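Here's the structure, in structure tokens; my notes come after.
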Amino acid sequence: MIEPVPFLDLSRPHQALAGALADGFAQAVQTTGFIGGRHVETFESDFARFCGADKCIGVANGTDALFIALKALGIGPGDVVLVPSFTFVATAEAVSILGATPRFVEVDPRTYTVTADALAKADTTNVKAVVPVHLFGQCADMQPILALAKERGWTVLEDAAQAHGATDHGRAAGSLGHLAAFSFYPTKNLGAIGDAGAITGPAGEILERARRLANHGRLGRYEHAEPGFNSRLDSIQAMALGLKLRHLVDWNARRVAIAAMYDERLAGVSGVITPLVRNGASHVYHLYVVQVEQRERLQKALDAEKVGHGVHYGLPLHLQPAYAGSGQGRGALPVTERIAEQVLSLPMFPELSESQVDRVVRVVRAHARAGS
Ligand SMILES: Cc1ncc(COP(=O)(O)O)c(C=O)c1O
């Protein structure tokens with residue numbers, strides 16, 4: 001019997017924290033402090049410190065974090081926002097929710113992130129903002145993006161949903177743009193025990209507006225500055241996130257060590273392109289994504305060996321039925337379209353063992369030999 005290698009194992013970290021989580025639940029039930037309160041405030045200040053940001057506002061999920069941040073930054077109907085096509089759909093959805101229009105741009109084929117060059121080449125008519133996504137755990141190259149945005153008068157929202165703890169020239173994701181949005185979906189490097197998200201950024205009126213928007217546009221108990229939403233981080237999620245935040249540096253370090261094992265063992269294997277870490281960036285490997293020729297054949301080989309795998313993302317956003325009206329059909333973004341056919345995510349989670357990495361690598365190497 002072959003022992004399966006899962007793509008992701010959420011049970012191990014949760015078993016380790018089960019006692020502390022149960023104590024947190026018991027306390028919540030006893031105090032009935034379900035919304036707001038100490039856990040939310042403590043987590044918001046701890047996570048802001050972790051990101052090197054002035055402030056953090058907890059919200060209900062990462063998609064809300066994105067669209068509430070964009071709205072606080074003044075984005076609305078008629079505006080165009082540049083977003084990568086190679087990302088999870090939420091990046092573009094946040095723009096659409098506001099009645100604004102996402103315009104899709106290319107990513108760098110080795111780092112999977114948007115570049116200032118790609119943004120400069122895009123049609124910039126009516127563009128008001130750009131959302132660089134720190135995809136798979138590596139920050140977009142923010143300095144040239146911020147310089148271009150300043151020149152053009154665009155605001156910059158980081159989509160940091162996959163990059164808790166990643167840095168760009170020594171500064172952490174969440175402190176690089178005008179605002180940043182995080183997801184704490186359970187599979188993320190820092191995951192809640194349900195849905196949760198956060199907005200981080202500099203203290204000031206924009207962030208205060210975001211806080212109001214997330215809580216019914218509230219000024220006082222029954223006084224409302226503008227129509228808002230109900231998107232609060234609940235106290236049980238904040239309690240769980242606070243417990244997990246203490247482990248995040250170690251968990252990220254373990255992801256980096258696993259990536260180094262993959263890099264070393266897959267170096268020079270023909271037909272396999274391993275992820276590139278940009279100079280000045282530190283990667284936190286939310287996902288370990290390679291590019292391979294004949295992906296389907298490798299997927300079948302991995303299945304036969306009971307090794308988990310995934311494809312992030314196989315259908316770029318400009319080719320999704322949801323964005324059929326974007327006017328950017330097949331051929332519009334050739335780099336994105338090519339990598340979407342070749343990317344394959346290998347197992348990546350902090351508890352993955354060296355012998356499990358070796359098993360994955362053996363299957364990938366055999367695939368490469370069979371193809372040569
Ligand atoms: C890049 C990216 N942006 C946004 C989101 C949306 O986050 P959520 O699922 O918490 O709404 C996700 C995660 O799912 C993501 O991966």
Side-chain angles (χ1 to χ4, degrees), residues 7-8 10 43 47 56-71 75 81-98 102 104-105 107-108 111-114 129-140 142 156-166 173-174 176-177 179-200 210 214 229-234 237-238 240-241 244 255 275 283-289 310-318 320 322-323 336 339-340 343 345 348-349:
F7 179 64
L8 175 70
L10 284 184
F43 175 71
F47 192 66
C56 165
I57 296 169
V59 295
N61 57 67
T63 309
D64 286 9
L66 283 165
F67 91 76
I68 290 170
L70 283 172
K71 189 170 168 78
I75 301 304
V81 179
L82 297 177
V83 300
S85 177
F86 193 67
T87 177
F88 181 62
V89 68
T91 314
E93 261 175 343
V95 177
S96 307
I97 289 168
L98 295 174
F104 299 108
V105 296
V107 290
D108 176 88
T111 62
Y112 308 110
T113 56
V114 285
V130 50
V131 187
V133 181
H134 304 325
L135 202 69
F136 304 151
Q138 174 163 224
C139 292
M142 291 298 285
V156 180
L157 170 65
E158 299 169 67
D159 182 339
Q162 302 189 1
H164 320 74
L176 301 165
L179 287 182
F182 285 88
S183 164
F184 303 120
Y185 184 76
T187 60
K188 299 295 194 242
N189 289 33
L190 178 62
I193 51 174
D195 275 314
I199 301 168
T200 59
F229 314 93
N230 177 354
S231 183
R232 295 172 298 226
L233 174 65
D234 79 63
Q237 296 307 336
L241 287 166
K244 290 183 177 189
R255 287 174 185 271
H283 205 310
V284 292
Y285 296 97
H286 171 57
L287 293 169
Y288 187 87
V289 177
V311 172
H312 304 86
Y313 298 92
L315 188 60
L317 299 188
H318 70 289
Q320 293 279 351
Y323 288 106
T336 295
I339 59 181
V343 282
S345 310
M348 171 56 82
F349 53 92

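By convention here, the first residue in the shown sequence is residue 1. Whatever order the structure lists ligands and atoms in, that order sets their numbers, starting from 1. If you're wondering where the values come from, they're calculated on a predicted model, not measured in any experiment.
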Paired with Val114, the side-chain contact (heavy atoms from CB on, under 4.5 Å) test is passed by just one of Val133, Leu82, Val107, Val83, namely Val107
Considering only heavy atoms from C-beta outward, does the side chain of Pro275 approach that of Val289 to under 4.5 Å?
no
Flag the pair Gln138 / Tyr112 as yes when at least one side-chain heavy-atom distance between them is below 4.5 Å, and no otherwise.
no
Run through ligand 1 for me and note each protein residue having a heavy atom under 4.0 Å from it, chain first, then residue number.
Asn61, Gly62, Thr63, Leu66, Thr87, Phe88, Ala90, Thr91, Val133, Asp159, Ala161, Gln162, Ser183, Lys188
Under 30°, 30 to 60°, or over 60°: which ring-plane class applies to Tyr313 and Phe136, parallel, tilted or perpendicular?
parallel
Are the aromatic ring centres of Phe43 and Phe184 under 6.0 angstrom apart?
yes
Only pairs under 3.5 Å count here: list side-chain donor-acceptor contacts from residues 187-199, not counting sequence neighbours, and write none if there are none.
unit_1: Asn189; atom_1: OD1; unit_2: His286; atom_2: ND1; d: 3.1
unit_1: Asn189; atom_1: ND2; unit_2: Asn252; atom_2: OD1; d: 2.9
unit_1: Asn189; atom_1: ND2; unit_2: Val284; atom_2: O; d: 3.0

